[in-house]
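One structure is given below, encoded as structure tokens.
A, B, ... follow the sequence lines: proteins, then strands. Residue 1 opens every chain. For clarity, every value in this text was computed on a predicted model and none was experimentally measured.
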Amino acid sequence: MNFNDQYNRYPRGSSGRKLIKRPLETPGLQSNSNILQTHPNIGNPQYSQMYSENSFQNINKPYASNFTPNMKQNEYQPVSQQITGFNVSNQAHILTDPLVTNMAIQYGQALVGSGKQIVDKEIEKYVPLSRLKYYFAVDTSYVSRKLSVILFPFIHSDWSIKYDQNEPIQPKFEINAPDLYIPTMAFLTYVLLAGLILGMKNLFSPEKLSIEATNALGWTAIEVIIQLLMLYIANINTNLKTLDLIAYSSYKYVGIIIVMLVGLLMGHLGYIICLIYISVSLAFFLMRTLKLQILTEPVTTQPDVYGMPQQVSHQIGLKRRQYFLLFMACTQPILIWWFTWRIV
Amino acid sequence: MAITLWNLFETSILCLNAICILHEERFLAKIGWSATNVNPGFGEYPSVKSNILNLIRSIRTVMRIPLIFLNSITIIKKLLLG
């Protein structure tokens, strides 16, 4: 019982109303001692939990929670003024209390974390960002081997991809896996090379670079959309994803670069010969790589009637799949010719 | 014939318009391409024709309202910029 202390701390003025707050040079000091006076349980560990729960309610409902602890100690003082004074000062001083600030920080961090998760999940539905990094996990030996396979596919013997079902394979470990690094670099090199060749003919201006880039991107987009449409309409189920299709369609930029260089150096005849060779090798490369992925249905291990896992890998709609493969392989030479005929 | 971004946009608008124009009752039902009466049994794969008709119907349902806005934008742009 420390009514005397409170009497001294809040001396009454001449009007009989109690002074709420004494003006001090360091208001922070007064706030701490105020809390210690009115909440003697603050140092007590078993009451700190109760106090922290109360403090949250303090922010929302200032009158309700402050009523009960204050009532017992303010019997000899005007109730309304005292409680108003305590509420204002308690709310302002709640946030300086280390217990409360720690909890507020943790709560805020948890909120930010969950918000970020929701945003990531929504983005993942439209653009598969988490799988994108697998396509760029390459190293120099993979790049050199893959380039040699694209340009001389007749030498390569083993075309199967060894990977587990759920995780995309990193191209570092498997040469037959599609990647997006080579297509991206080849596309950029093609745009720069086209600008160079245009400059050698005095036809260059900086807008031509962006026109070339948009043109190539547009054709790639059209090709991938047509392939996706064909896969859906003909009801061909494969393990191929959209990013895989983009990668396979963009491998022809490597061929285009070689054709343009040879055409630049060796004239019209060299250009024609190189065009035919690159078309054949690219078609061969695509057909061999995609044969295993398109011609057989993806392996599904659903348990059959007797509860034993069965492997379904029969070939459904073989004719449709072969036509699709042929279509994919034949559009490549046409597009290579379309891109490079300007230097003829 | 370079493909610019605007070209791509115009092409897609034209193609989607062409698909949305095909009226379900007045036209498609008369030539037997109605998408409602095809019902493949469970476990059988839907045929190519039913897939195409399903695609037409879904494009018509989804793109009706956005096509109104996209067509208006195209008309305004062509009026202003030729």
Side-chain angles (χ1 to χ4, degrees), chain A residues 187 190-191 194-195 198 203-205 207-238 249 297-298 300 302 304-305 310 312 314-324 327 334-335 337-342, chain B residues 1-22 24 27-28 31-67 69-70 73-74 77-78 81-82:
Chain A
F187 167 70
Y190 158 72
V191 172
L198 281 178
L203 288 174
F204 180 76
S205 71
E207 293 92 26
K208 292 278 176 76
L209 275 180
S210 65
I211 291 178
E212 276 304 312
T214 324
N215 192 21
L217 272 182
W219 277 111
T220 305
I222 288 182
E223 194 185 345
V224 169
I225 289 179
I226 290 185
Q227 282 169 1
L228 283 174
L229 268 180
M230 285 189 71
L231 280 178
Y232 171 73
I233 287 179
N235 207 25
I236 300 175
N237 288 330
T238 65
S249 299
E297 187 102 343
T300 55
Q302 300 167 353
D304 64 354
V305 182
Q310 63 177 10
V312 177
H314 54 277
Q315 301 181 338
I316 301 180
L318 194 57
K319 205 165 74 163
R320 279 181 265 157
R321 292 159 185 257
Q322 285 171 339
Y323 272 134
F324 175 72
F327 165 77
I334 301 177
L335 283 173
W337 174 77
W338 182 261
F339 277 129
T340 59
W341 69 286
R342 104 190 70 251
Chain B
M1 190 200 74
I3 297 187
T4 65
L5 218 51
W6 176 252
N7 258 347
L8 217 52
F9 175 70
E10 259 192 346
T11 312
S12 60
I13 296 288
L14 280 176
C15 287
L16 290 175
N17 272 339
I19 294 185
C20 287
I21 285 180
L22 305 169
E24 180 80 33
F27 176 64
L28 293 181
I31 58 176
W33 276 13
S34 165
T36 53
N37 55 8
V38 182
N39 210 359
F42 178 72
E44 300 166 11
Y45 293 93
S47 64
V48 177
K49 185 171 152 188
S50 71
N51 261 342
I52 295 182
L53 298 178
N54 245 344
L55 198 61
I56 294 180
R57 191 146 157 267
S58 358
I59 290 181
R60 195 171 47 233
T61 320
V62 169
M63 292 301 290
R64 264 238 156 105
I65 310 279
L67 268 183
F69 296 113
L70 293 173
I73 294 176
T74 315
K77 184 259 176 193
K78 284 206 177 284
L81 300 176

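Side chain of B/Asn51 to main chain of A/Tyr232: a donor-acceptor pair is present (N/O by atom type, distance under 3.5 Å, no hydrogens or angles).
Heavy-atom contacts from other residues, nucleotides or ligands closer than 6.0 Å to CG of B/Leu5 number 12 or fewer. By the neighbour-count criterion of 12 heavy atoms within 6.0 Å, atom CG of B/Leu14 is densely surrounded, having more than that number from other residues, nucleotides or ligands.
Taking CD1 of B/Ile52 as the start and CD1 of A/Ile233 as the end, the distance is 4.5 Å to the nearest 0.5 Å.
Checked options A/Ile211, A/Leu217, A/Ile222; the residue passing with B/Ile3 is A/Ile222 (criterion: side chain to side chain contact (heavy atoms under 4.5 Å, CB included)).
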